[in-house]
Amino acid sequence: MSSSEEHQQIANRRAKVTALRDAGVNPYPNDFKPETRLEWIRREFGEENDPDRLAGIPVQTAGRVMLLRNFGKLTFATLRDATDQLQIAVQRDAVGAEIYRDLFRKVEVGDILGVAGTLFRTQTGELTIRVHTFRILAKAVRPLPEKWHGLEDVETRYRQRYLDLIVNPEVRTLFHTRSRIIRLIREFMEEKGFLEVETPMMHPIPGGATARPFVTHHNALDVDLFLRIAPELYLKRLIVGGFERVFEINRNFRNEGLSVRHNPEFTMMEFYQAYTDYRDLMGLTEELLLHLVFRTCGQPSVVHQGRTIDFTPPWPRLTLDQALVTHGGADAARVGDPDYLRDYLRAHGATPEATAGVGELLLAAFETVVEEKLIQPTFIIDYPISVSPLSRRSDSNPEVAERFELFIGGWEIANAFSELNDPEDQASRFQAQVQARQAGNAEAMHFDADYIRALEFGMPPTAGEGIGIDRLVMLLTNAAAIREVLLFPQLRPQLGPVA
RNA sequence: GGGCCGUUAGCUCAGUCGGUAGAGCAACAGACUUUUAAUCUGUGGGUCGUUGGUUCGAUUCCAACACGGCUCACCA
């Protein structure tokens with residue numbers, strides 16, 4: 001882009017950069033070292049009122065200029081770093097008339113500035129750095145969005161997240177909270193004796209979930225690889241290997257639609273614990289989420305989108321059938337009848353799949369009618385085997401899996417089950433998936449022969465769970481869209497030159 | 001992918017029942033040594049998302065397209 005085409009404000013700022021260079025001043029030096037952060041200055045001296053003591057405190061710090069208030073021979077500015085913001089005062093007579101006129105006039109809102117000076121309080125009592133010397137550390141050649149309203153345009157906020165972070169403090173806070181939630185989960189899991197592991201993101205056979213994968217290609221091996229849709233089968237290989245308690249917090253990739261609750265890459269925690277079953281995991285899940293809510297909100301409940309959600313355990317545990325009857329008004333005597341379920345689905349505006357069996361119909365009815373009504377934390381248990389190809393059969397009912405899903409705020413937050421460790425049963429379940437795949441179900445699983453071989457060496461009885469971290473963060477930060485809790489949510493790439 | 005809505009100055013937004021546009025902040029010139037959304041005076045800045053159509057004339061009406069938002073479908 002030539003300078004004649006650039007916008008006036010950018011051209012003005014570029015001219016200042018050129019002027020600095022012509023005067024022998026590097027607009028992008030890297031030899032200035034801040035010695036304190038702004039938070040420390042405020043913490044140490046925020047209550048200090050003795051002017052002589054403050055004047056004796058030398059500080060050297062740096063940050064971005066967020067506001068400038070110029071009074072001719074005196075300029076106030078608001079400086080912000082990662083920790084806090086603080087006012088600085090630059091007086092002509094303190095820095096020297098020439099410096100003030102030739103150099104400080106080049107400082108604009110958005111620039112990164114290093115300052116050294118002492119502290120004082122203004123007439124209104126605000127703690128302020130009296131600048132003795134300053135360095136421009138990085139000239140900004142683009143103007144920041146407006147200081148009152150910040151940046152509102154959601155597309156720009158997501159595409160240029162750096163701008164969103166500079167001007168919208170609540171966005172910075174949200175991502176601090178997200179980081180804290182994930183840290184708390186790690187600490188919790190480690191205290192429970194779980195080992196954090198990393199398993200492949202590129203899978204020769206996509207597995208561990210029913211979803212369409214992304215495909216990529218490895219040139220040297222000349223093989224197609226799939227971005228993982230779930231780490232499940234690898235984590236269970238580690239249980240076979242003897243780790244007994246493992247967890248992984250990482251990305252999954254699913255080649256499906258985007259929505260307020262779906263991003264093609266999203267963060268899951270999966271964990272597997274030997275010698276437990278799905279009932280044990282319900283207790284663990286209650287304990288973990290209550291802990292997170294307490295530590296982030298200071299109480300056992302959160303307000304999400306105007307609704308109060310109470311995490312105090314125990315949470316209701318309903319079978320899929322019961323949920324459909326209690327929350328969906330279905331006829332208790334007929335929820336096992338496929339014809340009834342088809343009618344029920346049609347009555348609620350859904351089109352039942354022609355090939356769907358009882359299990360699929362039951363699940364579809366639940367997802368269509370009940371799911372969005374489960375605002376308070378609720379465990380739904382006893383899923384049909386046909387929709388649970390990796391779950392252990394219930395000993396009392398071989399058509400039902402030892403499985404639960406956790407719903408909060410109308411969203412699925414977690415999915416867990418007692419793991420199927422019978423290699424023969426697992427092989428026949430894979431076969432059923434392969435047949436569904438051949439019948440046209442693009443989301444059905446592949447046959448993973450190495451996974452069967454691993455089970456043939458013996459996997460201890462184990463239960464495993466996946467928790468959707470992004471949705472959990474949404475609940476705890478009152479976010480309405482998953483894009484708000486992802487630093488760089490997926491958008492359609494912009495065509496053409498960058499403006 | 002379908003439906004609905006949106007796109008005007010760097011930012012936040014008005015507006016034109018069709019006669020090529022305004023405000024605040026930001027910018028530029030100037031005044032000002034205690035402001036904190038500083039204030040005051042003056043000035044400049046727009047292919048009104050893109051491309052077509054209708055029209056004497058389109059930023060405005062119509063269509064297609066692009067991007068975004070909500071929503072439905074699919075999924076977690």
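Per chain, numbering begins at 1; letters A, B, ... match sequence-line order. Everything numeric in this text was worked out from a predicted model, so none of it was measured. Below, all heavy atoms of this structure are taken into account, side chains as well, without hydrogens, waters or symmetry copies.
- A sub-4.0 Å separation between OP1 or OP2 of A38(B) and a side-chain N or O of Lys147(A) is present.
- With a 3.5 Å ceiling on both atom-pair distances, the Watson-Crick or G-U wobble partner of C61(B) is G53(B).
- Nearest nucleotide to the Phe76(A) side chain, out of A76(B), U35(B), C67(B): U35(B).
- With a cut-off of 3.5 Å on both pairing distances, the Watson-Crick or G-U wobble partner of G1(B) is C72(B).
- For Glu47(A), the CD atom sits in a loose shell: 12 or fewer heavy atoms of surrounding residues, nucleotides or ligands are nearer than 6.0 Å.
- Phe120(A) carries Arg130(A) over the face of its six-membered ring, with the cationic atom under 6.0 Å from the centre and within 45° of the normal.
- Side chain of Asn168(A) to main chain of Leu151(A): a donor-acceptor pair is present (N/O by atom type, distance under 3.5 Å, no hydrogens or angles).
- Ile88(A) places its CD1 atom 15 Å from the C1' atom of U33(B), with the value rounded to the nearest Å.
- Without hydrogens or angle criteria, Asn263(A) side chain to Glu265(A) main chain gives a donor-acceptor distance under 3.5 Å.
- Residue Leu491(A) is in sugar-phosphate contact alone, with no base atom involved, counting any heavy-atom pair closer than 4.0 Å across all strands shown.
- When the P atom of G68(B) is taken as reference, atom CD of Glu484(A) falls 15 Å away, rounded to whole Å.
- With RNA chain B read from its 5' end, the first of the two nearest nucleotides for Thr78(A) and Glu108(A) is the one closest to Glu108(A).
- Residue contacts shown for Glu412(A) are limited to sugar-phosphate atoms, with no base heavy atom under 4.0 Å away.
- In this entry the distance linking CG of Leu144(A) with P of C25(B) reads 17 Å, nearest Å.
- When the P atom is used for both A21(B) and U60(B), the distance is 14 Å, rounded to whole Å.
- When both pairing distances are held under 3.5 Å, A66(B) makes a Watson-Crick or G-U pair with U7(B).
- Judged by distance alone, with hydrogens and angles left aside, Asp153(A) brings no side-chain donor or acceptor close enough to the base of C11(B) to form a pair under 3.5 Å.
- Around the CZ atom of Arg212(A), the shell of radius 6.0 Å holds no more than 12 heavy atoms that belong to other residues, nucleotides or ligands.
- Summarising the geometry, the separation between CG on Leu151(A) and P on U7(B) is reported as 17 Å, rounded to the nearest angstrom.
- Among the protein residues, Gly466(A) comes within range of no part of the nucleic acid, since none of its heavy atoms lies under 4.0 Å from any strand.
- Taking 4.0 angstrom as the limit, Arg69(A) places a side-chain polar atom (N or O) nearer than this to OP1 or OP2 of A38(B).
- Following rounding to the nearest Å, Glu367(A) (CD) and C72(B) (C1') show an atom-to-atom distance of 15 Å.
- Among the atoms of the strands shown, only primed sugar atoms or phosphate atoms (P, OP1, OP2) are found under 4.0 Å from some heavy atom of Arg105(A).
- Remark: Arg471(A) does not engage Glu412(A) in a salt bridge, criterion side-chain N to carboxylate O under 4.0 Å.
- For G68(B), the OP1/OP2 oxygens have a side-chain nitrogen or oxygen of Arg492(A) closer than 4.0 Å.
- The same atom, C1', is picked in C48(B) and in U16(B); the two are 10 Å apart, to the nearest Å.
- Look at Arg254(A) and you won't find any side-chain N or O under 4.0 angstrom from OP1 or OP2 of C74(B).
- Contact annotation: Arg142(A) side-chain N/O to A26(B) OP1/OP2 distance is not under 4.0 Å.
- Within the 4.0 angstrom heavy-atom criterion, base atoms lie near Asn263(A).
- Dense packing is recorded around CZ of Arg69(A), with more than 12 heavy atoms of other residues, nucleotides or ligands lying under 6.0 Å away.
- Rounded to whole Å, the separation between the P atoms of G19(B) and A58(B) comes to 11 Å.
- No contact: Arg121(A) has no heavy atom under 4.0 Å from any strand.
- The residue Glu405(A) sits apart from the nucleic acid: no heavy atom pair falls under 4.0 Å.
- Here the side chain of Arg483(A) is nearest to one of G30(B), C70(B), U35(B), namely C70(B).
- G15(B) and U55(B) have their C1' atoms separated by 22 Å, with the value rounded to a whole Å.
- What separates CD of Gln9(A) from P of G45(B) is a distance of 13 Å, to the nearest Å.
- Contact annotation for Val260(A): backbone-only contact, meaning every heavy-atom pair under 4.0 Å involves sugar-phosphate atoms and none involves a base.
- U71(B) and A9(B) are spaced 27 Å apart, taking the P atom of each and rounding to whole Å.
- Here U35(B) is the nucleotide among U35(B), C13(B), G10(B) with the atom lying nearest to any side-chain atom of Thr122(A).
- The separation of A26(B) from C13(B), taken at their C1' atoms, amounts to 14 Å, rounded to a whole angstrom.
- Partner of His203(A) under the ring pair (Phe, Tyr, Trp, His ring centres under 6.0 Å) criterion, out of Tyr451(A), Phe253(A), Tyr234(A): Tyr234(A) alone.
- For the C1' atoms, the distance from U12(B) to C72(B) is 32 Å, rounded to whole Å.
- Using a 4.0 Å heavy-atom distance criterion, Arg261(A) is classed as a base contact.
- For C28(B), the paired base is G42(B) (Watson-Crick or G-U wobble, both distances below 3.5 Å).
- The separation between Phe253(A) atom CZ and C74(B) atom C1' is 20 Å, rounded to whole Å.
- Nearest approach of Met474(A) to Val260(A), heavy atoms of both residues: CE-O, 3.8 Å.
- One atom, CZ of Arg101(A), and another, P of G30(B), lie 12 Å apart when rounded to the nearest Å.
- Listed pair Arg92(A) / C32(B) fails the phosphate criterion, with no side-chain N or O lying under 4.0 Å from OP1 or OP2.
- With distances taken from any side-chain atom of Asn12(A) to the nucleotides U34(B), C13(B), C28(B), the minimum falls on C28(B).
- The side chain of Phe71(A) lies closest to U35(B), out of G45(B), U35(B), C67(B).
- Considering only the side chain of Ile482(A), A76(B) comes nearest among A76(B), C70(B), A27(B).
- Here Trp411(A) does not pack flat against the base of A76(B), since the 5.5 angstrom centre distance and 30 degree tilt limits are not both met.
- Taking the side chain of Glu152(A) as heavy atoms from C-beta on, and the options C13(B), C70(B), U33(B), the nearest nucleotide is C13(B).
- Contact annotation: Arg14(A) side-chain N/O to A27(B) OP1/OP2 distance is not under 4.0 Å.
- Each of Glu126(A) and Ser259(A) lies near RNA chain B, and the nucleotide nearest Glu126(A) is the one positioned closer to the 5' end.
- Nucleotide C13(B): paired with G22(B) (Watson-Crick or G-U wobble, both distances less than 3.5 Å).
- The gap from the P atom of C17(B) to that of U33(B) amounts to 49 Å, rounded to the nearest Å.
- Residue Val154(A) has its side chain nearest to G68(B) when only G68(B), C25(B), A26(B) are considered.
- A donor and an acceptor atom never sit less than 3.5 Å apart when one is taken from the side chain of Glu155(A) and the other from the base of U7(B).
- Shortest non-hydrogen contact noted between Leu491(A) and Glu155(A) is CD1-O, 4.3 Å.
- Considering only the side chain of Glu146(A), C25(B) comes nearest among A76(B), G44(B), C25(B).
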